[in-house]
> 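Before we start, here is the structure in question, set down as structure tokens.
All chains are named by letter (A, B, ...) in the order of the sequence lines, taking the proteins before the strands, and each is independently numbered beginning at 1. These numbers come from a predicted model, not from an experiment.
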2 protein chains.
Amino acid sequence: MTLELKPVQALALWQDVVLETVRREGPDLSSRQFAILLTVYLTSPPHTVRGLAGALNVSKPAITRALDALGQLDLLKRKRDEADRRNVLVQRTVKGSVFLRDFADLVTSVAGRLEA
Amino acid sequence: MTLELKPVQALALWQDVVLETVRREGPDLSSRQFAILLTVYLTSPPHTVRGLAGALNVSKPAITRALDALGQLDLLKRKRDEADRRNVLVQRTVKGSVFLRDFADLVTSVAGRLEA
DNA sequence: CTAGACTGATCCGGGGCCGAAACGGATCTG
DNA sequence: CAGATCCGTTTCGGCCCCGGATCAGTCTAG
């Protein structure tokens with residue numbers, strides 16, 4: 001079974017969620033930063049700078065900066081790969097898990113209020 | 001009837017959509033700009049700078065700048081209110097309609113591929 | 001051991017966005 | 001009228017992000 005979602009519902013869902021995140025004065029992530037966050041939490045490790053750059057079709061410095069910002073917010077952390085010290089492994093944090101769980105709840109709640 | 005969406009599905013949906021929009025090298029809108037765009041197209045007119053600023057809980061100059069950017073992209077246009085020439089009415093454009101319809105199709109298509 | 005490949009970080013000039021404050025035009029009010 | 005008020009825009013100093021080029025550290029093949 002797949003999830004049915006009409007175009008008008010999709011836009012309404014997006015609007016409510018984006019509006020809510022804009023209104024709340026929480027950490028305001030760019031779409032790239034958010035994409036990185038979601039990718040790290042939803043796809044299987046390991047996650048490297050180069051890998052993320054390729055996955056998002058973005059330059060390496062952009063990933064480095066995004067990791068700086070996300071690390072500052074404690075939503076993600078870096079760890080040297082001891083097996084190959086050239087690599088940096090991007091890992092989850094407790095705060096990041098909580099942040100994404102809250103976000104998921106927001107989306108489901110908005111979806112629940114949507115007329116189907 | 002309401003729309004059922006589990007937290008894990010919500011995150012997966014969001015990741016796929018955000019990842020796709022980041023990868024595509026289309027106009028890369030900030031969340032505020034996108035929120036403005038959605039608000040103008042989904043809620044009933046008239047839309048003024050002050051009204052949008054209040055709705056998004058954001059300063060007026062931020063709205064002005066966002067309208068500059070969205071106008072440059074031809075996704076939205078400004079029009080003087082002839083009844084009260086202090087006001088600026090924000091209006092839709094053909095290109096904006098197409099842009100949002102495409103986006104809605106992207107979301108529905110991703111949702112359709114989601115395991116329910 | 002060394003030359004080369006590969007990693008992530010940094011440098012750099014350029015550009016966008018930020019909010020507070022000030023501005024000019026339009027409108028209302030006394 | 002003149003002053004107060006409302007509107008959107010502009011100015012200002014500051015901060016963050018952009019990507020190409022380059023860097024230092026690490027690994028590997030010969």
> Can you list the steps and then say if B:Ile36 with B:Val90 is a side chain to side chain contact (heavy atoms under 4.5 Å, CB included)?
CA-CA 10 Å; B:Ile36 292 174; B:Val90 182; 5.6 Å; no

> Which pairs count as ring pair (Phe, Tyr, Trp, His ring centres under 6.0 Å) when at least one residue sits in residues 68-93 of chain A, sequence neighbours excluded?
none

> Evaluate side chain to side chain contact (heavy atoms under 4.5 Å, CB included) for B:Gln15 paired with B:Leu11, printing each intermediate quantity in order.
CA-CA 6 Å; B:Gln15 191 213 5; B:Leu11 288 181; over 6 Å; no

> Could you tell me which residues satisfy side chain to side chain contact (heavy atoms under 4.5 Å, CB included) with A:Ser97, sequence neighbours excluded, listed by chain and number?
A:Tyr41

> Partners of B:Arg24 by salt bridge (Lys or Arg N to Asp or Glu O under 4.0 Å), sequence neighbours excluded?
B:Glu20

> B:Phe103: which residues meet the ring-ring contact (aromatic ring centres under 6.0 Å, His included) condition with it, sequence neighbours left out?
A:Trp14, B:Phe34

> Which residues pass the side chain to side chain donor-acceptor pair (under 3.5 Å) test with A:Ser59, sequence neighbours left out?
none

> Using whole Å, what does the distance between atom C1' of nucleotide D:dT9 and atom CG of B:Asp68 come to?
9 Å

> D:dC18, D:dG8, D:dG20: which one has an atom nearest the side-chain heavy atoms of A:Ala62?
D:dC18

> Using the salt bridge (Lys or Arg N to Asp or Glu O under 4.0 Å) criterion, which residues pair with A:Arg78? Sequence neighbours excluded.
A:Asp68

> Let me know the distance between CD1 of A:Ile63 and C1' of D:dG19, rounded to the nearest Å.
12 Å

> Tell me: CZ of B:Arg78 to P of D:dC7, nearest whole Å?
17 Å

> What is the distance, rounded to the nearest whole Å, between atom CG of B:Leu67 and atom P of D:dT10?
12 Å

> Tell me every residue that passes side chain to side chain donor-acceptor pair (under 3.5 Å) with A:Asn57, counting only those two or more places apart in sequence or in another chain.
B:Glu25

> Check DNA chain C against residues 79-91 of chain A and give the residues with a non-hydrogen atom under 4.0 Å, in numerical order.
A:Arg86, A:Asn87, A:Val88

> Going by side chain to side chain donor-acceptor pair (under 3.5 Å), name the residues that satisfy it together with A:Asp84, two or more places apart in sequence or in a different chain.
A:Arg86

> What residues in residues 29-60 of chain A put a non-hydrogen atom under 4.0 Å from any atom of DNA chain D?
A:Arg32, A:Gln33, A:Ser59

> Quick check for you: name the first and last nucleotides of DNA chain C, 5' to 3', having an atom under 4.0 Å from a heavy atom of chain A.
C:dC6 to C:dT10

> Please enumerate all residues that pass side chain to side chain contact (heavy atoms under 4.5 Å, CB included) together with B:Ser109, with sequence neighbours excluded.
B:Arg113

> For the base of D:dG19, is there a side-chain donor-acceptor partner from A:Arg65 under 3.5 Å away?
yes

> Using a cut-off of strictly less than 4.0 Å, decide whether B:Thr64 has a side-chain nitrogen or oxygen near OP1 or OP2 of D:dG8.
no

